[in-house]
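All chains are named by letter (A, B, ...) in the order of the sequence lines, taking the proteins before the strands, and each is independently numbered beginning at 1.
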Amino acid sequence: MASLIWRCNVLLKCSHFVSIRTYAFISDSKCDGSNYKVYKSTSHDIFYNLALENWIYHNFEVNDNSGMMLLWRNSPCVVIGRHQNPWLECDISALQDRQMVIARRKSGGGAVYHDLGNLNLTFVTTKKKYNRQRNLDFIVTALTEKWNLDVKVSERDEIILNNKYKISGTASALSCLKAYHHCTLLFDVNRDELENVLQSRSREIITRATESVRAEVTNLCEIEPSVTYDELVEGITKQYLNFYDIEGDVKELDPTCEQLPGLDLFYKEHQSWDWIFGKTPKFSIRRSFHKPNSGLFFNIDIDLIIDKGLISAVRLSGSTNPELLREIEKCTIGSKLWPRGNKEKQQLLDLGNIKQDRDFLSWISQCFNNIL
Amino acid sequence: MALCRLSNLSLKLKDVVRTCYHVLASKPVEQRAIFISSRLLWAADTNKYKKNTVPKITVSQTPVLILSSFIHSTGGLNGKIVQFNLSDIGEGIREVHLKEWYVTVGDRVSQFDSICEVQSDKASVTITSRFDGIITKLYHKVDDVALVGKPLIDVELADTETDGAEEQQIDEVDEIVTSDTVMTQNAKGDKVLATPAVRRLALENKINLSEISGTGKDGRILKEDVLRFLQGESIPETGPVVPPPHPPPSAFAPSPPEIHTAMKPKRRGPMVDPRQPKPASPHITPYIPRLVQSHLGKDELHPVKGMQRAMFKAMTKALDIPHFGYNDEVNITSLVALQGQMKSAAEERGIKFSYMPIFVKAASLALHYFPVINSSIDEKGENIIYKASHNIGFAMDTPNGLVVPVVKNVQSMSVFEVAAEMNRLMELGYDNKLQQSDLSGGTFTLSNIGTIGGTYASPVIFSPQVAIGAIGKIQKLPRFNEKGDVVGLHLMNVSWSADHRVIDGATMARFSNLWKAYLESPAYMIMDLK
């Protein structure tokens, strides 16, 4: 009987992915069955936009004669790849100082800085029709035709301007039937902020998470000042629709109020700690801390293994009572590794039961707080 | 053809089959069959199904054909293990990095269930199962490279078509139910988890499954467990289902041979050793450094960490201090003459004799006259803080490296009390049990480098302290006395370093002379003792 119920859950789960659901806004297709649409998100909230992208990916009607291009941009934030370590990719405390958010997308690849000067394009197709080169060609053609810019696509599927500067990065996600490719296009981002936030303070991390490949970037508007968001949207849409020989226009979508069933679940997932930090591939970090105004060699080495964002193993060593260290270790196992500066982080260590001088414990607590 | 569709999922299999059976009851016996597929449960008459599919089970002469893993562990089914290969991802991708497993060995999966997440060329790819069954093997660990076309997992199928045509007669419907469930009763009444294939293996080999401890999920007995049992191997106690976790990248590896081994004697002897007092012995056992293994011809990279890192930081900070040095020779012949008496006095009180407490106490006495040497500078360099107490640190070599425990309030302690406190701190130091409070709060430092060797040194000041002394070894050397005769004297060298921003040379020299006088004429020291 248990197996029957279990099976039932699986059936429901499968249907979620393979059933052909058609929602009003993507239903009208041409008489030959082809269906290509261009949408523009009106939200600047990274979590809503990622949720929208994901929702479309899961709900868009799949066939080899259909596709969708979604255009979106976000308020300042950092977006890391599916298998990256946020502590290694950006300066989380700098983000918090600026009240910027960090988001983890579903696709692979590296970390990128987003603001309103960065256009994101998502191309949803069947897995069979997944072709990053073709998608990037829409952009390259638009930029060449409209502004006569010197752009080409590199081997890494990046768009390179004037043979030197990267202006677009690519990533994608594939499942058994569907796929999406998305890319950025820097036209007027705040490059100082980009530099500031995409610096890690945690060089001691040992991990096999995907590392970003650094590249010299520039903005399209620095080479061609007439490039604007609207012009880009118009130019690339034209190329996209021309390619599929379709007449149409960009339609606006508001993920925050559109009746898209289930989108809120994607939204919740995307902005949850468990997704952003908890999905970090297992890593370890080792750091030494020296207590100021103490004997010269009074210091503590903290070794941590962090799995799913939680401290899964901890080893302290230092010139103090080992039993005390073992006790502190016990208290910290399973704690969340908060981003630096988070209010809740102050409560990271519940060392209340340990009999030891408060000053010392609060220093240890500080060390844990500052380890990343 | 579908006569009975599975509508009520809470139905027991028994009921389902029974319902089907009743539907078929009107048919002649030889035309009855029940199909069970993964999605639907059908009852149909035998005319409708293909001749080449041979029913495995019959219920009251009605064949029940299990088409898929609806009842994956139905008795009589023999799970076949298939390899699930990593399918072509496209774009000429040959290899991917395995990033995350969504399943572990022993998990049941069905078609479209996510198996794992792989990444290649900035594409995150969700691999979904093409089979229904139980996972028996994962071929890769997280972060391994998986090749397209090569096996990813093994799945034990529950598919009749893969099995030889073998009929099993079951007369009562209820018997199906008993064998359907993966749990069965053994002789003792304990529940044993195992798949039918494993049960059969056990049956064929006349093994009682209850004697085997399973290593699968929830203690499920896996085929490997049975095979191991047959080979007489011991079964790992409560073995985990998950593949061995990736070894943490060196974080918890036992500490590599300490880098500073070369400069640190491995014998437990500290600068002052309470266990093996070495009073004034001119002969110092040569320390033979342990050979540090290195790969000849290959540079090695060691991160600066631990003690070394602390040393690195403190010493870098010390670079801000303009050091000046002042060295002198101290004739401690009179003190050495008292050694016998002092030693027995100390031992009577259970303290091992050493000169170091005397040096420390003498320093404290001298500090009374030169309080600036017992001062510190505040962070901004605006104020000199004259410290209220003489907290004198002494460097000691421990198995865990050099530490500087602090004897607090030396100004109000007797020599004996200083010695007792130093003994205590050294005992703790050996056992790596020094508390943070034992190591902090120093206002002045003496380092007895002489126990290792050497005469003069250039000690480096610990910020925010302003002075430090290093004491060399005691040697018997010839010197001229007042009459011009050569005499043998017990001599010891002292090297002071002071922060020249705060202390001038004359102050340091006077301090040194006073300290020296206490040691050269113990009578002076007795007079000044508080």
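Neither the backbone nor the side chain of A:Arg105 comes within contact range of chain B, judged by heavy atoms closer than 4.5 Å. For a residue to count as touching a neighbouring chain, one of its non-hydrogen atoms must lie under 4.5 Å from one of that chain's; by this rule A:Ala179 does not touch chain B. For a residue to count as touching a neighbouring chain, one of its non-hydrogen atoms must lie under 4.5 Å from one of that chain's; by this rule A:Lys128 does not touch chain B.
Here CZ of B:Phe312 is found 12.0 Å from OG of A:Ser288. Values are rounded to the nearest 0.5 Å. How far OG1 of B:Thr126 is from CZ of A:Arg82: 7.5 Å, rounded to the nearest 0.5 Å. Distance CD/A:Gln84 to NZ/B:Lys99: 9.0 Å, rounded to 0.5 Å.
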Test side chain to side chain contact (heavy atoms under 4.5 Å, CB included) applied to A:Thr210 and B:His97, step by step: CA-CA 10 Å; A:Thr210 310; B:His97 287 271; over 6 Å; no
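Between the side chain of B:Glu100 and the backbone N or O of A:His83 there is no donor-acceptor pair closer than 3.5 Å.
The two residues B:Gln119 and A:Gly108 make their nearest non-hydrogen contact at OE1-CA, 2.9 Å. When all heavy atoms of B:Ala123 and A:Ser172 are compared, the closest pair comes out as CB-OG, 3.0 Å.
A:Arg208 is not listed as a side-chain neighbour of B:Val142, based on a closest heavy-atom distance of 4.5 Å or more.
In terms of heavy-atom pairs under 4.5 Å with chain A, the best-connected choice from B:Arg130, B:Gln465, B:Lys313, B:Glu117 is B:Glu117.
Atom CD of A:Glu329 has more than 12 heavy atoms from other residues, nucleotides or ligands within 6.0 Å.
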